[in-house]
Amino acid sequence: MSSVQIECVAREGCRIGESPVWDEKESALLCVDITGRKVCRWSWVTKQVQAISVDAPVSSVALRKSGDYVITLGTRFAALKWKEQLVTTIAQVDKDKPNNRFNDGKVDPAGRYFAGTMAEEIRPAVLERHQGSLYTLFSDLSVVKHFDQVDISNGLDWSLDHKTFFYIDSLSYSVDAFDYDLQTGKIGNRRSVYRLEKEESIPDGMCIDTEGKLWVACYDGGRVIRLDPETGKRLQTVKLPVDKTTSCCFGGKDYSEMYVTSASDGMDKEWLSRQPQAGGIFKITGLGVKGVPPYPFAG
């Protein structure tokens, strides 16, 4: 595996970089800075980052079939028109929990937008427990709640046959699987497929490759790990030059490049001087596997 190469492609210094998504039409990587309240787009062609500021913590971004993007903003699902820099609310959740916000989100193979909530953090990974829920925004713009009692709703993806939904509630230190019904978007039969080891720290964002293996970014673990959800075994570890790795996705011309977001929140001056690329976006090449293109929201 000596051919694996890691490059910091955007030294954005994001406070909490998250939700990387490849936009094939734009040859660009989308991501968000949650506490920085920005949606960012890094161009593969120009190597430059454009950013749009928003009025609340923005925790995930997804493509939209009709063009432009959808985002999770505060406790709202919202539409984002990029050129106009225009944000419009689609739906709101957790109205009874003013201290909550959305966290990670992703679109399923049928075009539904799944996203979960959590309580606002006091410090990184320190928060009031069991305040979050997992939701789906359907293409008719209705919202369904799957379950509550979530700590930090995080990484999510679907198996290649679309029969399994993978999900991370970070403070459970587990990657879980559910039976998945693509017709209805219903989930059930929750079970753990991988428990993180101590040095791997906190499971954060996640994506799947074309071999059906999961890649999980380990917050405070400074790595992404590749897992086999069938056997529960870790197959590969890729260490990054920053501790707070937050999420990962595949992108580039043939989805053979992996992009990893990171955070700088909660790091003091001395820590930041040791890791000047904290909050940057990293590109990993030479993994020898490809990823699955993201699904656009159908609504």
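The local environment of CD in Q92 is crowded, with over 12 non-hydrogen atoms from other residues, nucleotides or ligands closer than 6.0 Å. The number of heavy atoms from other shown groups lying within 6.0 Å of NZ (K290) does not exceed 12.
Only one option out of V289, L287, I225 pairs with Q236 in a side-chain contact (heavy atoms from CB on, under 4.5 Å); it is L287.
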Audit row: H130, D151, side chain to side chain contact (heavy atoms under 4.5 Å, CB included) steps and yes/no: CA-CA 5 Å; H130 313 310; D151 287 325; 3.4 Å; yes
Start with the C-alpha distance between S59 and I34, add both sets of side-chain angles, then the distance that settles side chain to side chain contact (heavy atoms under 4.5 Å, CB included), and finish with yes or no. CA-CA 5 Å; S59 59; I34 301 180; 4.2 Å; yes
Start with the C-alpha gap between D204 and T245, add the side-chain angles, then the distance that decides, and say whether side chain to side chain contact (heavy atoms under 4.5 Å, CB included) holds. CA-CA 8 Å; D204 202 328; T245 38; over 6 Å; no
Test side chain to side chain contact (heavy atoms under 4.5 Å, CB included) on V143 and F138 and set out the steps. CA-CA 6 Å; V143 175; F138 284 75; over 6 Å; no
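Here the straight-line distance linking atom CG of D228 with atom CD of E211 works out to 10.0 Å at 0.5 Å rounding. Separation of atoms CZ (F77) and OG (S60) is listed at 7.5 Å; rounding is to 0.5 Å. For the atom pair SG (C14) and CD1 (I281), the distance works out to 6.0 Å, reported to the nearest 0.5 Å. To the nearest 0.5 Å, atom CG of residue L156 and atom NZ of residue K106 are 6.0 Å apart. The CZ atom of R41 sits 12.0 Å away from the SG atom of C31 when rounded to the nearest 0.5 Å. The structure places CG of D209 at 4.5 Å from CZ of R226, a figure rounded to the nearest 0.5 Å.
Classified by interplanar angle (parallel below 30°, tilted 30° to 60°, perpendicular above 60°), the ring pair W82/Y69 is perpendicular.
No donor-acceptor pair under 3.5 Å is formed between the side chain of Q131 and the backbone N or O of K97. Within the 3.5 Å criterion, the main-chain N or O of N189 finds a donor-acceptor partner in the side chain of R191. S153 places no side-chain N or O within 3.5 Å of a backbone atom of N103 that could act as its donor or acceptor partner. Judged by distance alone, the side chain of D169 and the main-chain N or O of I152 form a donor-acceptor pair under 3.5 Å. When atom types are taken as modelled, the side chain of T261 and the backbone of S247 share a donor-acceptor pair closer than 3.5 angstrom. Side-chain N or O atoms of S170 include one that pairs as donor or acceptor with a backbone N or O of P203 at under 3.5 Å. Side chain of S262 to backbone of G280: a donor-acceptor contact under 3.5 angstrom is found. Looking only at distances, no side-chain donor or acceptor of R76 sits under 3.5 Å from a matching main-chain atom of G74. Looking only at distances, no side-chain donor or acceptor of S43 sits under 3.5 Å from a matching main-chain atom of A28. No donor-acceptor pair under 3.5 Å is formed between the side chain of S139 and the backbone N or O of A298.
Here the two rings, on F114 and F165, have centers that are under 6.0 Å apart.
Contact record, W158 with I208: O-CD1, 3.4 Å, taken as the closest heavy-atom pair. For the pair L196 and S174, the tightest heavy-atom approach, listed with the atom from each and the gap, is CD1-N, 4.4 Å. Of all heavy-atom pairs between P229 and F166, the closest is CB-CE2, 3.6 Å. In terms of heavy atoms, W215 sits closest to V238 at CZ3-CG2, 4.2 Å. Nearest heavy atoms, D104 versus S19: OD1-CB, 4.3 Å. Closest non-hydrogen pair, S256 versus F250, comes out as C-CD2, 4.5 Å.
A salt bridge is defined here as a Lys NZ or Arg NE, NH1 or NH2 lying under 4.0 Å from an Asp or Glu carboxylate O, and R112 with D108 meets this definition. A salt bridge does not link E200 with R195: none of the charged nitrogens is closer than 4.0 Å to a carboxylate oxygen.
The cluster map of Ile, Leu, Val, Met, Phe, Trp and Tyr, joined by side-chain heavy atoms under 4.5 Å apart, puts L127 and V58 in different clusters. Linking ILVMFWY residues whenever their side-chain heavy atoms come closer than 4.5 Å, directly or via other members, leaves M258 and L235 in distinct clusters. Hydrophobic clustering (side-chain heavy atoms under 4.5 Å, transitive across Ile, Leu, Val, Met, Phe, Trp, Tyr) keeps V150 apart from F102. Transitive grouping of hydrophobic side chains (ILVMFWY, heavy atoms separated by less than 4.5 Å) brings F282 and V4 into a common cluster. Neither I168 nor L171 shares a network with the other; the hydrophobic side chains, linked directly or stepwise wherever heavy atoms of I, L, V, M, F, W or Y lie under 4.5 Å apart, form separate groups for each.
By the 4.5 Å heavy-atom criterion applied to side chains, L134 and I187 are counted as neighbours. At a threshold of 4.5 Å between non-hydrogen side-chain atoms, the residues D243 and W271 count as touching. Taking the side chain as every heavy atom from C-beta outward, V39 and V87 never approach each other to under 4.5 Å. Using a 4.5 Å heavy-atom threshold, the side chains of T136 and H146 count as touching. Side-chain contact between E121 and R101: present, with at least one pair of heavy atoms (C-beta onward) separated by less than 4.5 Å.
Cation-pi contact between R190 and F147: present, with separation from the ring centre below 6.0 Å and deviation from the ring axis of at most 45°. Geometrically, K47 engages W44 in a cation-pi contact defined by less than 6.0 Å to the ring centre and at most 45° from the axis.
Between N99 and E128, the side chains place no donor N or O within less than 3.5 Å of an acceptor N or O (distance only, hydrogens not considered). Remark: the T117 side chain and the D94 side chain contain an N/O donor-acceptor pair separated by less than 3.5 Å. When only modelled atom types and interatomic distance are considered, Y219 and K244 share a side-chain donor-acceptor pair under 3.5 Å.
The stretch residues 28-39 participates, sequence neighbours left out, in these side chain to side chain donor-acceptor pair (under 3.5 Å) pairs: T35-D265.
Every residue meeting the ring-ring contact (aromatic ring centres under 6.0 Å, His included) condition with Y259, not counting sequence neighbours, appears here in chain and number order: W22, W42.
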